[in-house]
Amino acid sequence: MTVRTRFAPSPTGYLHVGGARTALFNWLYARRHGGKFILRIEDTDEKRNTAEAHQVIYDGLKWLGLDWDEGPDMGGDYGPYRQSERSQIYAGHVYEDGGSIRFRSPRKPVVLEDMVCGRIEFDMSNPATHPDMTIRRPDGSFIFHFVNVVDDIEMKLTHVIRGEDHLSNTPKHIELYNALGEKPPVFGHIPLILNHEGKKLSKRDGGSSITYFMEHGYAPEAVANYLCLLGWSPGENREKLTMEEILALFDIDKINRRNAIFDLDKCFWLNGQHILSMGFDRFVELAKPFVEKAGIAYGSEAALLAALTIVKPKVKHLSDVPDWIGFLFTEEFAFDPEAVEKSLKKAGAAGRLQALIAALTKLEDWSHASLEAALRETATTLGVKTGELVHPARVAVSGRSVGPGLYEMFVVLGKERTLARFARAASMAAA
RNA sequence: GACCCUAUCGUCCAGCGGUUAGGACACUGCCCUUUCACGGCGGUAACACGGGUUCGAAUCCCGUUAGGGUCGCCA
C-alpha cells in the first residue's frame with residue numbers, strides 16, 4: 001500500500017505557521033515512506049475564496065521546500081483538487097433532497113488509535129455531548145466534516161496528520177467512514193502552536209504567517225527546521241538540522257503531545273545559524289532578491305559577490321543585506337552621528353588618519369595581511385593602540401562603527417576609494 | 001457546562017523506575033577580538049499539587065488544580 005498524505009488548507013489569504021508545520025509533517029511522512037503528498041484546497045466557503053489566496057498557499061509551501069505530487073495546479077488521478085469543483089462527487093453520496101441533512105450517529109463507542117495520541121475511546125452515547133452533525137445545508141452545499149471525509153476516501157489517503165484541534169471531531173469522521181463502508185485512514189493529531197499568551201496563534205501575532213518569514217529575510221531551511229522542533233526532537237540534543245537530516249531522522253511516533261509556544265527569538269537564532277553554515281551560493285541565491293529589491297547599484301556581479309562574501313558571516317536576517325553592503329557601492333553613504341562623535345571627533349583623529357593615509361599610500365600589496373601589518377606598524381610608530389586607528393578608519397570608510405571586518409572592507413573598496421574616504425574623513429575629523 | 005488532550009527551567013526539547021534532572025533560546029559574568037557578530041568557559045532558572053504502587057518515582061496509577069481543544073447550516 002502506498003502511503004498518501006495530504007495538506008488541505010482553506011484559502012484564507014495567508015499560510016499560518018501551524019498549517020505550514022502540518023504540511024511539513026505530512027510531507028515528511030510521505031517522503032520518508034516513499035509515498036505521495038497531495039495538496040487539496042478546501043474552498044467550499046466561497047466568500048473568501050480568491051486566486052490570490054490560493055497563490056499564497058502555493059508560494060508558501062514552495063518557499064519552504066515542500067513539493068506535492070497531486071494538486072489543483074498540476075492535477076493528478078484523483079482530482080479535482082479544489083472542493084469547490086467537487087459538488088457532484090459529494091452529491092453522489094446522499095439521496096434526499098430539501099432541507100438540511102444530518103447524519104444519524106450510531107451511538108456506539110468509537111475507538112481511535114492515533115499515531116501521536118495513542119488509543120482514545122469516545123463515548124458517543126450522549127446526543128447532548130455529541131449531537132448529530134449536519135452534513136448538508138438547505139442550499140445544497142456540504143459541510144466540512146462530510147466533504148473532508150469523502151475527499152480523503154476518494155483521494156485514497158492512507159494517513160491524516162492534522163492539528164489537535166481536530167481530535168474531538170475525529171470520532172464523527174470515523175462514524176462517517178463506517179457509514180460509507182470505508183476503512184478510516186491512520187490519524188495523527190499533532191499539538192498546536194500557541195502565542196506567548198498561550199492562545200492559538202492568530203493572524204495578529206508576529207510570525208504567525210509564512211509571508212512574515214519570507215519578507216523578513218529568513219532562510220526557508222531555518223524556518224522548516226524551527227517548525228520541526230516544535231513538538232519533535234531528533235534526540236541527542238540536536239537542534240540545527242538540514243532538510244536532509246530532518247528527512248532522515250523524522251519520526252511521527254516521537255512527536256510529543258504538548259502544545260508549544262512559538263518563540264520568534266529562537267527561530268531568529270536558528271536563522272543566523274543556518275546563514276552562517278550555508279554554502280556561499282545558497283547565500284547569494286537567498287540574499288540577492290533583497291539586494292535587487294532595495295535597488296542597490298552594485299555594478300558588476302563580481303563586485304556584488306565580493307561584498308556578499310565579507311558580509312555573510314555577520315548577517316542574521318537576509319533582509320538586512322542591503323543595509324550591510326550599501327556603503328560599498330556609493331560615496332553618498334550616511335555617517336552615523338554617534339560614530340562620528342566617538343571616533344572622528346576624538347582629539348588627534350585627523351592626524352592619525354593622515355598618518356594612515358601616508359602609510360597605506362606607499363603600500364603596493366593591497367591585501368588583508370599587508371594592510372593589517374601596515375596599520376599595526378603605523379600604530380606602533382605613532383605610539384597609540386591599534387584601536388585608535390581602527391575605529392576612525394572604520395567610520396571613515398563605512399560611516400558607522402559596526403560592520404564587516406576592517407581589512408575586508410579595504411580590500412573590497414580598493415586602494416583608491418579607501419584612501420579617498422580617509423581623506424574626506426580626515427577633513428571632518430578633529431585635529 | 002459536557003467531552004477530549006496536556007502538565008520538567010520564562011520558552012522549546014531530552015529524560016521512559018535508581019541522573020549532581022541534560023541541551024538550546026532568552027537573560028547574565030568572564031575570555032577571545034579592529035567594531036558587531038561568531039566561538040569558548042561559567043551563572044541564574046524546572047519536575048503544578050495531593051494521594052497511592054514500589055526498597056526506590058520527574059518517570060506507573062488515581063484525584064485536584066491549571067492550560068489548551070471540541071461541542072456550527074466555519075474550515
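Per chain, numbering begins at 1; letters A, B, ... match sequence-line order.
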Worksheet, complete the sentence: Rounded to whole Å, CD of A:Glu239 lies from C1' of B:A24 at a distance of 4 Å
Worksheet item: Starting at the 5' end of RNA chain B and moving along, which residue's nearest nucleotide shows up first, A:Asn126 or A:Trp269?
Response: A:Asn126
Worksheet item: Hey, does A:Leu276 reach any base, or is it just sugar-phosphate, or nothing, if we go heavy atoms under 4.0 Å?
Response: sugar-phosphate
Worksheet item: In whole angstroms, how far is the P atom of B:U35 from the CD atom of A:Glu372?
Response: 12 Å
Worksheet item: Does OP1 or OP2 of B:C73 have a side-chain N or O of A:Thr134 closer than 4.0 Å?
Response: yes
Worksheet item: Quick one: is B:C73 close enough that its OP1 or OP2 comes under 4.0 Å of any side-chain N or O from A:Arg102?
Response: yes
Practice prompt. Would you please indicate if the ring centroids of A:Trp27 and A:Phe7 are separated by under 6.0 Å?
Written response: no
Practice prompt. Assess the pair A:His145 and A:His173: is the distance between their ring centroids shorter than 6.0 Å?
Written response: yes
Item to complete: May I ask you to verify whether the side chain of A:Lys385 and the base of B:U34 hold a donor-acceptor pair under 3.5 Å?
Response: no
Worksheet item: A:Pro131 near the nucleic acid: base, sugar-phosphate alone, or nothing, with a heavy-atom cut-off under 4.0 Å?
Response: sugar-phosphate
Worksheet entry | Pair of N/O donor and acceptor under 3.5 Å linking B:U6 base with A:Arg257 side chain | no
Item to complete: Sticking with atom C1', work out how far B:G22 lies from B:U59, rounded to a whole angstrom.
Response: 15 Å
Discussion item. Nearest whole Å is fine: how far is B:G72 P from A:Ile101 CD1?
Written reply: 18 Å
Worksheet item: Aromatic ring centroids of A:His166 and A:Phe144 under 6.0 Å?
Response: yes
Item to complete: Look at the side chain of A:Asp123 and the backbone N and O of A:Val110, then say whether any donor-acceptor pair between them is shorter than 3.5 Å.
Response: no
Worksheet item: For atom C1', what is the distance between B:G69 and B:C73, given to the nearest Å?
Response: 22 Å
Discussion item. Just to be sure I understand the rule, does A:His196 reach a base, reach only the sugar-phosphate, or reach nothing, if contact means heavy atoms closer than 4.0 Å?
Written reply: nothing
Worksheet item: What integer distance in Å separates A:Phe146:CZ from B:A75:C1'?
Response: 16 Å
Worksheet item: Any side-chain N or O of A:Gln273 under 4.0 Å from OP1/OP2 of B:A37?
Response: no
Worksheet item: Does a side-chain N or O from A:Asn259 land closer than 4.0 Å to OP1 or OP2 of B:G69, or not?
Response: no
Worksheet item: Quick one: are the ring centres of A:Tyr226 and A:Phe262 less than 6.0 Å apart?
Response: yes
Fill in: Nucleotide paired to B:G22 in any strand shown, Watson-Crick or G-U, under 3.5 Å
B:C13
Fill in: Same-atom distance (C1') from B:A26 to B:G10, integer angstrom
8 Å
Fill in: Between B:G29 and B:U70 - C1' atom distance, rounded Å
49 Å
Worksheet item: At under 4.0 Å between heavy atoms, what does A:Gly231 touch on the DNA or RNA strands: base, sugar-phosphate, or nothing?
Response: sugar-phosphate
Worksheet item: Start at the 5' end of RNA chain B and walk down; is the nucleotide closest to A:Lys200 or to A:His166 reached first?
Response: A:Lys200
Worksheet item: Between A:Lys240 and B:A24, does any side-chain N or O lie under 4.0 Å from OP1 or OP2?
Response: no
Worksheet item: For A:Ile261, which contact category applies under a 4.0 Å heavy-atom criterion: base, sugar-phosphate, or nothing?
Response: sugar-phosphate
Worksheet item: Can you find a side-chain donor-acceptor pair between A:Lys108 and A:Ser125 that sits under 3.5 Å?
Response: no
Discussion item. For the residue pair A:Ser105 / A:Asp132, report whether a side-chain donor-acceptor contact shorter than 3.5 Å exists.
Written reply: no
Worksheet item: How is A:Glu197 classified with respect to the nucleic acid when contacts are heavy atoms under 4.0 Å: base, sugar-phosphate, or nothing?
Response: nothing
Discussion item. Classify A:Arg162 by what it touches in the nucleic acid, base, sugar-phosphate, or nothing, heavy-atom distance under 4.0 Å.
Written reply: nothing
Worksheet item: Taking only N and O in the side chain of A:Asn237, is any of them less than 4.0 Å away from OP1 or OP2 of B:G15?
Response: no
Discussion item. Is there, by distance only and without an angle test, a donor paired with an acceptor across the side chain of A:Glu236 and the base of B:G23 below 3.5 Å?
Written reply: no
